[in-house]
Each structure stands twice: as C-alpha cells, then as structure tokens.
Amino acid sequence: MKETMANVKAKFNRCLKLIEKYPQAFIVGNGSTENEILEVEHRLQVTFPPMYKEFLKKFSYLATHDEEIWGISPSNNQLDLVFRLEKYNKELRSKSQSEVPSHLIGIQMEDFSSSLICLDLQALTYNDQEAKVCFYPSDDEPYYADSFTERLFEVCDSAVSTYLEDTEDESSTPIKKVSAIKTEHKDIYSEAKALIHAHPELSEFGEGISDAEVEVIEKELSVTLPESYVTFMKEFGGGIFGDNQFFTMFNDELVKTNLELYHPTEFDHALSKHLVAVYFDDLEEFYACLDFKNIVNGEPKVVYREVNIPEEDYDDRDAFKTFSDFLYYIIQDTIEVNS
C-alpha cells in the first residue's frame, strides 16, 4: 500500500508517543526556536523540509543506545548538525576529496561504512513536506527511505525494542507476551469490546456485516471463519481504531485485498492461501493474518506477514493464540499510546 502524507504524520505522531512513553530509551533536547532553526538554515544556505523542522522544534536532536539524529545542539558537538557536517567535510578535504554537496544535509553517521545518512533537498516528497534519505558517498541504492519521518520511526522503534528486551529479562516479541495474556482473562473478546465502547474518540468502526457477507468471504477465500472473528465482524464490521486498520467489506475490501495478495503483480512472493489478512499496519507495513494451518479448538492463530517475504522465512511460534487475543492487544496498546 502506497504511503500517504496522512500516514507520514501518523508515523511521526507515533514517534512522539514512543519517546513520551519510554523516555529511558532516548536522549532528546528541549526543542529549538524558529530563530535558532533559521540561523542554522542561513549558515548552511538551505531550507529544511517541514517535517525535519517539526522534529527540531520538538526535540532539537535525538540519541538512543546506539544511534543519533543530529540537530541543533551547540552545547554538545556530538549531536550538532553544523559541527558534524563541518567535521566530516574537513576529513574529506584532508583526503583531497570533494565536500558533501550542499543539497545533502547529513543527519546521521552510518556505523559500518562511516557514510553520512543525508536528507536530499533536491528530492522532496509528500508535497514538499519531506525529503528522501540517501547515503553519501552513495551506495548501490539511490535512496534509503522516502522521508525523514520513515528514518526517525526506524530509530525510535529500534530503541524501544532494545529497551524492552534489556529491561524485561526475556527476548520474547510483543506477540508472545500478548499471547500469555489469554490465560489471565476469562472472556478476552468481551474485554476488548468494552474497551472499544469506552473510547469512541479512537473508534471509526462501521456497522456489522450480515450472515450473507460472512458467506461471501468464506466462499471467495475458501475458509470457514472462526467464531471470534465472525462475532467481531458482525458487531463492528471492521474499520479504524486509532491508527489501526481492520479490513471491512465495504466495496469487498477484505476479499479483494486477499485475492490481490494471493496473486501479486508487483512482487515475487504471494501470501500463502492458508492465510487470510484481516488487518494492516500502516506504520510498520505488515498484515495480521488468520493462519488456517495453525488451528486450536477451532480458532486459527494470528500471525504477522510482510509483502514479498517467503513463507519459509517466518517462525510461526510468534503468534497470537486467537483473533480475540490479537484484538485485545491492539485495542489496549492503542489506548495506552494515546493516553
């Protein structure tokens, strides 16, 4: 699915919430003023993309356990954009190499190759709100990411994952942790439903679907849907909760999405037909799927799948026990992130 500016903003907001929720995983500044940003732009003779400016206004700079995003930090040269660029250019001159082109703004140092990770001001995206991200010197791929926000999200997501692994004395993924929740709840679907009703400000679920529509899904995708998912679709019909997209039957979205994934035209590896995608995460770009090869007590497990990844590359132990477990996790996590 092609990312839109709305997705970019949602991803940026997710970064803000991660930094707020896990402050131990980040070192950030107090935010830069318009005048401070203008001064740096004038010094470099550039205009920063608006989303990078927004980052500077919020935090000035950012550092994690193993990564940095440079910004405005006169008191700490290690994190100061101007200082790091001048230092890098000085090293290039000492080797009789050309300086970094003025349209490339280095925001990070790549650990392995000592290349700069740069914003390319000649490759603006999303109605000029963003800039593509590239390496300098360039590698085989012309661009690393389509936006600064995409790179910021990668850094924040990695920092939080590492922090949670370090502090919980276990290396299980969120999927495994949430699966364990099932043993603590007698009726986890009812609890998820109650949370949805308690937070109408986050819910854009539609009307429930009919028995006839359930039959259409089962016929078109050659499956018998589990009770928990049928109950959810009859009561809510899918839709949006926070930033989370549960497929609906509006314009046969659920069926069409899966048929397109089974028969891709733009990539090599199709979604296996024992999987039915019921959810898409815009931020991390994965599908949550009912896995009809892993059924316990009539309920298929829920697994994550990305586009164009061979099925054999996945570890199916990383799974939710039921759709109800998955639903509860998504609803509860969304509420916590937005609280």
Side-chain angles (χ1 to χ4, degrees), residues 1-8 10-11 14 110 112-113 115 117 120 123 125-126 130-135 138-155 157-158 161 173-176 216-225 229 238 243-295 300-320 323 326 330:
M1 293 189 179
K2 184 174 177 57
E3 193 162 58
T4 65
M5 191 58 206
N7 298 142
V8 171
K11 193 170 285 188
R14 180 74 173 183
E110 210 277 328
F112 301 105
S113 64
S115 296
I117 297 177
D120 186 348
T125 56
Y126 301 104
E130 284 278 12
K132 289 191 175 185
V133 180
C134 64
F135 289 104
S138 61
D139 60 4
D140 295 335
E141 293 293 329
Y143 291 106
Y144 176 83
D146 282 337
S147 68
F148 164 73
T149 298
E150 184 178 338
R151 179 61 191 142
L152 174 66
F153 181 78
E154 289 177 354
V155 172
D157 189 52
S158 174
S161 296
T173 64
I175 296 176
K176 293 179 181 177
V216 168
I217 298 170
E218 293 182 327
K219 179 180 178 181
E220 292 291 334
L221 302 182
S222 302
V223 297
T224 299
L225 296 172
Y229 182 63
D243 296 327
N244 302 283
Q245 178 185 358
F246 293 83
F247 294 130
T248 71
M249 278 299 285
F250 180 72
N251 289 333
D252 293 332
E253 176 186 52
L254 174 66
V255 170
K256 289 179 179 178
T257 297
N258 278 277
L259 293 178
E260 289 171 2
L261 291 171
Y262 295 155
H263 305 285
T265 58
E266 296 181 0
F267 43 87
D268 297 328
H269 299 286
L271 183 71
S272 294
K273 292 185 178 180
H274 68 273
L275 301 171
V276 172
V278 298
Y279 166 97
F280 182 71
D281 189 305
D282 270 340
L283 301 183
E284 300 190 55
E285 299 182 346
F286 65 79
Y287 295 89
C289 306
L290 303 175
D291 184 354
F292 288 90
K293 273 192 176 179
N294 288 293
I295 299 177
K301 293 183 177 181
V302 176
V303 296
Y304 289 164
R305 293 293 186 265
E306 297 179 44
V307 167
N308 206 25
I309 303 295
E311 183 66 19
E312 58 268 22
D313 288 1
Y314 291 101
D315 181 354
D316 286 337
R317 292 174 297 178
D318 293 342
F320 293 87
F323 175 77
F326 168 71
I330 292 295

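For clarity, every value in this text was computed on a predicted model and none was experimentally measured. Heads up: numbering here begins at 1 and tracks the sequence.
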Novice: Can you confirm whether E220 sits close enough to D252 that some side-chain heavy atom of one is under 4.5 Å from a side-chain heavy atom of the other?
Specialist: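 They are not in contact (no side-chain heavy atoms under 4.5 Å apart), so the answer is no.
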Novice: With heavy-atom distances below 4.5 Å as the criterion, would you say the side chains of I117 and R151 are in contact?
Specialist: yes
Novice: Would M249 and V255 count as a side-chain contact (heavy atoms from CB on, under 4.5 Å) here? Give the steps.
Specialist: CA-CA 8 Å; M249 278 299 285; V255 170; 4.1 Å; yes
Novice: Quick one: are E311 and K293 in side-chain contact, heavy atoms under 4.5 Å?
Specialist: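 The answer is no, as the side chains (C-beta and beyond) never meet within the 4.5 Å cut-off.
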Novice: Within the distance-only criterion (no hydrogens, no angle test), does the side chain of N308 pair as donor or acceptor with the backbone N or O of D268 below 3.5 angstrom?
Specialist: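 Yes: the side chain of N308 pairs with the backbone of D268.
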Novice: Under the side-chain contact (heavy atoms from CB on, under 4.5 Å) criterion, do Y287 and L271 qualify, and how do the steps go?
Specialist: CA-CA 10 Å; Y287 295 89; L271 183 71; 6.0 Å; no
Novice: Under 3.5 Å, is there a donor-acceptor pair linking the side chains of Y144 and E154?
Specialist: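 Yes, E154 and Y144 have a side-chain donor paired with an acceptor closer than 3.5 Å.
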Novice: Can you name the closest pair of heavy atoms from L275 and N258 and give their distance?
Specialist: O-OD1, 4.1 Å
Novice: Please round to the nearest 0.5 Å and tell me the distance separating atom CZ of F326 and atom OH of Y304.
Specialist: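 One finds 5.0 Å between CZ of F326 and OH of Y304.
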Novice: Do you know which two heavy atoms are closest between L261 and A277, and how far apart they sit?
Specialist: CD1-CB, 4.0 Å
Novice: Is it the case that over 12 heavy atoms from other parts of the model lie below 6.0 angstrom from the CD atom of E266?
Specialist: no
Novice: Would you mind reporting whether D120 and Y143 have side-chain heavy atoms less than 4.5 Å apart?
Specialist: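 The answer is yes; the side chains approach within 4.5 Å.
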Novice: If you look at every heavy atom in A288 and V302, which pair is closest and at what distance?
Specialist: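 Here A288 and V302 meet closest at CB-CG1, 4.0 Å.
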Novice: Ring pair (Phe, Tyr, Trp, His ring centres under 6.0 Å) with F292: which residues, sequence neighbours excluded?
Specialist: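 Not a single residue meets the ring pair (Phe, Tyr, Trp, His ring centres under 6.0 Å) criterion with F292.
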Novice: Quick one: sort the Y279 and F246 rings into parallel, tilted or perpendicular, breaks at 30° and 60°.
Specialist: perpendicular
Novice: Less than 4.5 Å apart, side chain to side chain, heavy atoms only: is that true for N294 and H274?
Specialist: no
Novice: Rounded to the nearest 0.5 Å, how far does CD1 of I330 lie from CG of D281?
Specialist: 7.0 Å
Novice: Within the structure provided, determine whether C289 and V276 are in side-chain contact (heavy-atom separation under 4.5 Å).
Specialist: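 No, side chains not in contact.
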Novice: Could you walk me through whether E306 and H269 pass the side-chain contact (heavy atoms from CB on, under 4.5 Å) check?
Specialist: CA-CA 10 Å; E306 297 179 44; H269 299 286; over 6 Å; no
Novice: Does the side chain of T125 come under 3.5 Å of the side chain of E130 through a donor N or O and an acceptor N or O?
Specialist: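 No donor-acceptor contact under 3.5 Å links the two side chains.
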Novice: Given side chains that start at C-beta, do those of F247 and K256 come closer than 4.5 Å, heavy atoms only?
Specialist: no
Novice: Quick check: closest heavy atoms across S147 and Y126, and the distance to 0.1 Å?
Specialist: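 Closest approach of S147 to Y126, heavy atoms only: CB-CE1, 4.0 Å.
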Novice: Once salt bridge (charged side-chain N to carboxylate O under 4.0 Å, His left out) is applied, do any residues pair with R14, and if so which ones, sequence neighbours excluded?
Specialist: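 Listed in chain order: D333.
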Novice: Check the orientation of Y229 and F323. Use parallel for under 30°, tilted for 30 to 60°, and perpendicular for over 60°.
Specialist: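 Perpendicular, since the angle between the ring planes exceeds 60°.
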Novice: Do L290 and L225 make a side-chain contact, defined as non-hydrogen atoms from C-beta onward lying under 4.5 Å apart?
Specialist: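 In contact.
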Novice: Within the 3.5 Å criterion, strictly below it, is a donor on R305 or Y314 matched to an acceptor on the partner's side chain?
Specialist: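 No.
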